[in-house]
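Side chains are part of it too, since the values below use all heavy atoms of this structure and drop only hydrogens, waters and symmetry mates. When a ligand or atom number is given, it counts from 1 through the structure's own listing order. Residue numbers run from 1 in the order of the sequence given.
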Amino acid sequence: MARKIGSRYTVHQVIGRGSAGTVWLGEGPDGPVAVKLLREDLAADQVLVGRFVQERAALTGLDHPHVVGVHDMVVDGSDLALVMDLVRGSDLRTRLEHDGVLSPAVAASVIADVADGLAAAHAAGIVHRDVKPENVLLDLAAPPGPAGAPRARLTDFGIARLVDAPRRTRATRIIGTPDYLAPEIIEGLEPRAAVDIYATATVLYELLTGTTPFGGGHTGAVLRRHVTENVPPVEGMPDGLWRIISECLAKAPASRLRAAELAVRLRELLPELAGVGPLAVPAQRGAPEEAPTPGEAVYAEADAATGGTHRRRRGPAVPLVPGPQPDSTRDTHTSLRRPSARELASYAEESRAQRDRPAAHRRTRAQMIRRRRTLAVLIAVVLLLAGAAAAWTAFAAEPPAGAAAAVHAPWYPRL
Ligand SMILES: Nc1ncnc2c1ncn2[C@@H]1O[C@H](COP(=O)(O)OP(=O)(O)OP(=O)(O)O)[C@@H](O)[C@H]1O
């Protein structure tokens with residue numbers, strides 16, 4: 001069913017849905033386009049419409065081969081739409097779900113493209129703020145890059161900023177996707193370019209290992225890990241990639257690489273990564289099922305209220321701004337309560353306490369189940385041995401008088 005968007009565009013068919021709206025295949029004066037039609041409740045928000053108009057010049061001016069270009073931004077009655085380059089391919093999340101993990105060379109090449117796109121955006125003063133596999137499109141119509149890697153293009157620039165809460169709520173809310181949030185965002189600092197580098201390194205880690213470094217479990221635990229924990233080392237990770245990931249996941253934003261440096265460092269590594277197979281990671285590492293610490297309990301309750309916990313990077317879609325839940329099952333932008341200074345301090349305490357707690361207390365539920373099973377098997381073996389010993393003792397003992405007759409008596413009843 002064709003539908004007109006403004007005076008210049010017609011959309012025909014839904015390509016996909018996200019938390020902010022629906023993406024349509026459309027037609028414009030210069031050929032096919034992708035049109036992202038923002039959700040009705042967003043389109044009805046006058047503050048957001050004002051911001052949309054303000055951002056038009058910045059977003060439509062970003063022209064780079066590794067960025068999905070925004071051609072136009074349309075405000076038409078109740079429609080608020082972004083008209084974009086149509087990318088023929090899929091997104092990186094779909095590819096990751098299909099392949100599990102990518103080879104180091106392919107992952108490095110894809111992330112180098114993303115870093116190139118970010119470098120152009122950062123130079124134009126635009127921070128993406130929601131870098132994640134869903135926002136990286138793989139252009140299968142373009143000739144492949146090194147190691148046969150598909151060319152990557154970053155999309156959804158400025159969407160997080162467009163739908164960001166007004167200043168008075170920004171102090172208490174976080175916009176983003178928990179697994180990819182830089183620690184300074186959680187601590188309440190203004191997001192700068194370095195937050196994109198942190199999120200990009202998180203995606204690189206995920207492409208190589210199948211999970212994000214700090215994800216898993218409920219949202220409060222994820223936020224705590226970003227602020228207090230170091231990146232867990234990964235067996236078999238090529239050294240060069242490990243160094244880059246560690247630098248870009250530094251807690252201090254100033255210690256992270258810049259986007260252009262990141263692209264150069266990754267491309268320099270490509271020759272030594274050629275032919276290296278994907279890392280042998282367990283099929284699904286899953287999150288340890290830890291109980292929430294007191295400081296995290298509020299997030300665990302919020303997770304339960306929205307239907308589950310954040311396993312890997314996909315949990316419940318918490319609405320970006322007040323309004324209906326997105327009509328998609330995909331985990332998307334999230335509006336979270338920002339932890340207070342006291343809670344942040346208690347995170348550090350809780351983290352230390354968890355580290356210092358005797359190992360028995362830190363056991364995951366899976367480990368406990370394994371322990372219980374082993375114990376049950378041991379008890380069964382002991383009981384069997386005890387039974388056997390008792391039987392042996394009974395046989396070995398002198399038979400009581402008449403016992404022999406009883407033993408040799410015929411089995412059939414006497415007539
Ligand atoms: N420019 C485009 N060209 C082709 N397909 C696109 C384009 N932009 C988005 N899509 C498709 O539409 C789907 C939905 O995109 P959208 O940006 O709305 O959501 P998302 O990025 O997956 O999630 P969210 O926006 O909630 O983070 C994408 O997964 C992708 O398959």
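In this structure, Lys251 is positioned above the aromatic face of Phe214, its NZ or CZ under 6.0 Å from the six-membered ring centre and within 45° of the axis.
Of the charged side-chain nitrogens involved, at least one lies within less than 4.0 Å of a carboxylate oxygen, so that Arg267 and Asp116 count as a salt-bridged pair. With salt bridges taken as basic N to acidic carboxylate O contacts below 4.0 Å, one links Arg8 and Asp72. A salt bridge links Asp41 with Arg39; the closest basic N to acidic carboxylate O contact falls under 4.0 Å. Taking a cutoff of 4.0 Å between a charged side-chain nitrogen and a carboxylate oxygen, Arg151 and Asp113 qualify as a salt bridge. Of the charged side-chain nitrogens involved, none lies within less than 4.0 Å of a carboxylate oxygen, so that Glu184 and Arg192 do not count as a salt-bridged pair.
Below 4.0 Å from some heavy atom of Gly18 lie the following atoms of ligand 1, by number and element: 18 (O), 19 (O), 23 (O), 26 (O). For ligand 1 and Asp85, the ligand atoms under 4.0 Å from any heavy atom of the residue are 1 (N), 2 (C), 3 (N). Under a 4.0 Å criterion applied to the non-hydrogen atoms of Asp156, ligand 1 contributes the atoms 17 (O), 21 (O), 25 (O). Listed by number with element, the atoms of ligand 1 under 4.0 angstrom from any heavy atom of Ala34 are 1 (N), 2 (C), 3 (N).
Residue-ligand proximity: Lys132 is placed with a non-hydrogen atom under 4.0 Å from ligand 1.
At a heavy-atom distance under 4.0 Å, atoms from both the backbone and the side chain of Glu134 approach ligand 1. Contact annotation for Thr94 and ligand 1: no heavy atom of the residue comes within less than 4.0 Å of the ligand. Residue contacts with ligand 1, taken as heavy atom pairs separated by less than 4.0 Å, involve Ser19 via backbone and side-chain atoms alike. Residue Thr22 does not touch ligand 1, judged by heavy-atom distances below 4.0 Å. The part of Lys36 lying near ligand 1 is the side chain, judged by heavy-atom distances below 4.0 Å.
Polar contact check, Thr155 against ligand 1: no nitrogen or oxygen pair lies under 3.5 Å apart. Where the criterion is an N or O separation shorter than 3.5 Å, residue side chain and backbone included, Val68 fails it with respect to ligand 1.
Interatomic distance, Leu262 CG to Asp196 CG, rounded to the nearest 0.5 Å: 11.0 Å.
Compare Leu138, Val87, Leu25, Val70 by their heavy atoms: the one nearest to atom 3 (N) of ligand 1 is in Val87.
The side-chain hydrogen bond (donor to acceptor under 3.5 Å, both in side chains) test with Lys132 singles out one residue from Thr177, Asp156, Asp91, Thr202, and that residue is Thr177.
Side chains of Met237 and Leu279 form a contact here, defined as non-hydrogen atoms less than 4.5 Å apart.
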